[in-house]
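When a ligand or atom number is given, it counts from 1 through the structure's own listing order.
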Amino acid sequence: MIVRPEILPPTAAAIARAADLLRAGDLVAFPTETVYGLGADASNQDAVESVFAAKGRPEFNPLIVHVADLEMAERVAVFDDRARTLGHGLWAGPFTVVLPRRPDAPISPMVSAGLDTVAVRVPGHQVAHSLLKALDRPIAAPSANRSGGVSPTTPMHVAKDLGERVAMILAGGRCQVGLESTILDMTCDPPRLLRPGRVGRREIEGLIGPIAAPESEGQAVPLTPNAPGQLASHYAPRLPVRLNAVTVGPTEALLAFGPDRSIRGGATRLNLSPEGDLHEAASNLYAMIHRLDDPAYTAIAVMPIPERSIGFAINDRLRRAAAPRSNSPAIEC
Ligand code: TXA
Ligand code: MG
C-alpha cells in the first residue's frame, strides 16, 4: 500500500514517477526557487479542479501556468516583443507575466478562472525544470498551502498543510528566494506590477521602460477584475501579527531583523537576518512564521523591515499577514 503523500528526494526516478502521477490526474507538490507549488497537469480539467478543492481556493482566482521555457510559454500565451524581452531577460527565474491567453492554449479554461488572460512563469529551480521536461506539458501550480495561509518553503510545510490531499511531494529542500514570484500584468498599458517579489521594478524597467506600480512597490494593489488575487488578508498564520514592533510583550514571539539587542523580553525570538541582509530575511520569512505560529504565544511581533530591494515584497506579505481577517473568504495570492 502506498501511503499518501509519498515524500521522495528528487531523484530521476522520483521525477519520472511524479510526471506519471501528473499525467494520471494526481497532484504533486514540487520545489521552485520561490515557494513549493501544488502542481496539476494544466490541460486536465479534473486535475485543475482538484487543485482548487485541495486548497479550498475560490474558483474565480486563477492559477499560474508553469512552463519549461519561452517556447512552451508561447504555446500558452500571446507574446509581443516586450514580453519576449522580459522572457529572455528574467527567465528562468522568480517572475510571472500576465498576457492574453491563446485561444488554442493547451490548458483547461479553469486555470485562468475563465479570464481571457493567463499568468505564465518559467521557474528557475532545477527540479521544477526537470519535472516540466519529463511531463512535457504546462503545470498549473499555486503555492502548496491551504488558501489564505502561509506559503510553504519546505516539504514539511506542505505535508503539514495539505497532507493526503497531495499524492507526492518532491522534497527538494528549502526554497532559496522564499517569497512568491513578482507578477507583472502586460495586458494593460503601461504594464502593471500586481505582486512585488525578488525581481524588482527597476530590473523590469531596465528591460522594457516604465511600468505602473504603487508608490511603494510593497503597497497592496487595489482589487480590479485583472488582479483577482490581490485582496488584503492573506499569508496569515493563526496568531495575530503585529508590525513595526519596537517592544515585545512577555507572551509575544518576536520576529527580529538586524541586531535586536535594543528589544528585551518576549516569550521567544527568531531573527530573520542578524546581519540585516534582506535576501536572507526573505528566504527565512515563511519558515520562521511557521515556527512561531504556536498557540503557546499570543501574537507574533515583527520588527520594522526597510522599504528597499526585496524589503518591499517582505513588507507586502507582512501587511497582508497582519490585515484584519474579515468573514469574507480568504483570497489567495
Ligand atoms: O512563486 C510563485 O509564483 C508560486 C510558485 C509555486 O510558482 N506560485 C504562486 O501561485 O504564488 P499562487 O496561486 O499562490 O499566486 C498566484 C497569483 C494569485 O494572486 C492570482 O490571482 C494571480 O497570481 N493570477 C493568476 N492568473 C492571473 C491572471 N490571469 N491575471 C491576474 N492575476 C493572476
Ligand atoms: Mg499562494
Is there a path of hydrophobic side-chain contacts, each under 4.5 Å between heavy atoms, that joins V35 and L285? yes
Hey, is D316 close enough to R195 for a salt bridge, meaning N to O under 4.0 Å? no
N/O of S112 under 3.5 Å from N/O of ligand 1, yes or no? no
Against heavy atoms of L194, which atoms of ligand 1 measure under 4.0 Å? 31 (C), 32 (N)
F30 vs H66 aromatic rings, parallel, tilted or perpendicular, using cut-offs 30° and 60°? perpendicular
Out of S147, G37, A141, who gets a non-hydrogen atom closest to atom 8 (N) of ligand 1? A141
Which of the ligand 1 atoms, numbered from 1, are nearer than 4.0 Å to a heavy atom of H66: 5 (C), 6 (C), 7 (O)
Counting from 1, what ligand 1 atoms have a heavy atom of S143 closer than 4.0 Å? 8 (N), 9 (C), 10 (O), 12 (P), 14 (O)
Could you list which atoms of ligand 1 come closer than 4.0 Å to a heavy atom of R195? 2 (C), 3 (O), 9 (C), 11 (O), 15 (O), 16 (C), 17 (C)
Without placing hydrogens or testing angles, list every side-chain donor-acceptor pair under 3.5 Å for residues 19-26, not counting sequence neighbours.
from : atom 1 : to   : atom 2 : distance (Å)
D20  : OD1    : R23  : NH1    : 2.9
R23  : NH2    : A134 : O      : 2.8

Which of the atoms in ligand 1, numbered in the order shown and given with their element, are less than 4.0 Å from a heavy-atom of S181? 1 (O), 2 (C), 3 (O)
Check whether any N, O or S atom of N145, backbone or side chain, sits closer than 2.8 Å to the Mg ion (ligand 2). no
One residue to check: R57. Relative to ligand 1, which of side chain, backbone, both or neither has a non-hydrogen atom less than 4.0 Å away? side chain
Min N/O separation N61 to ligand 1 under 3.5 Å: yes
So, is R121 polar-close to ligand 1, with some N/O to N/O distance under 3.5 Å? yes
Check: S181/T34 side-chain N/O donor and acceptor closer than 3.5 Å: no
May I ask you to check whether over 12 heavy atoms, not counting those of D104, lie within 6.0 Å of atom CG? yes
Geometry only, no angles: is T117 polar-contacting ligand 1 at N/O separations under 3.5 Å? yes
Proximity of I183 to ligand 1 by residue part, where a heavy atom lies under 4.0 Å: side chain
With a heavy-atom distance limit of 4.0 Å, tell me whether T34 approaches ligand 1 through its side chain, its backbone, both, or neither. side chain
Name the one of R198, R121, R174 that satisfies salt bridge (charged side-chain N to carboxylate O under 4.0 Å, His left out) with E33? R121
Less than 3.5 Å apart, any donor N or O on the side chain of E180 or S151 sitting next to an acceptor on the other? yes
Aromatic F79 / basic R84 pairing, under 6.0 angstrom, 45° off normal: no
Are side-chain N/O atoms of T85 and H88 paired as donor and acceptor at under 3.5 Å? no
Which ligand 1 atoms does A119 reach within 4.0 Å, using its non-hydrogen atoms? 25 (C), 26 (N), 27 (C), 29 (N)
Indicate yes or no: does an N/O atom of T32 lie under 3.5 Å from an N/O atom of ligand 1? no
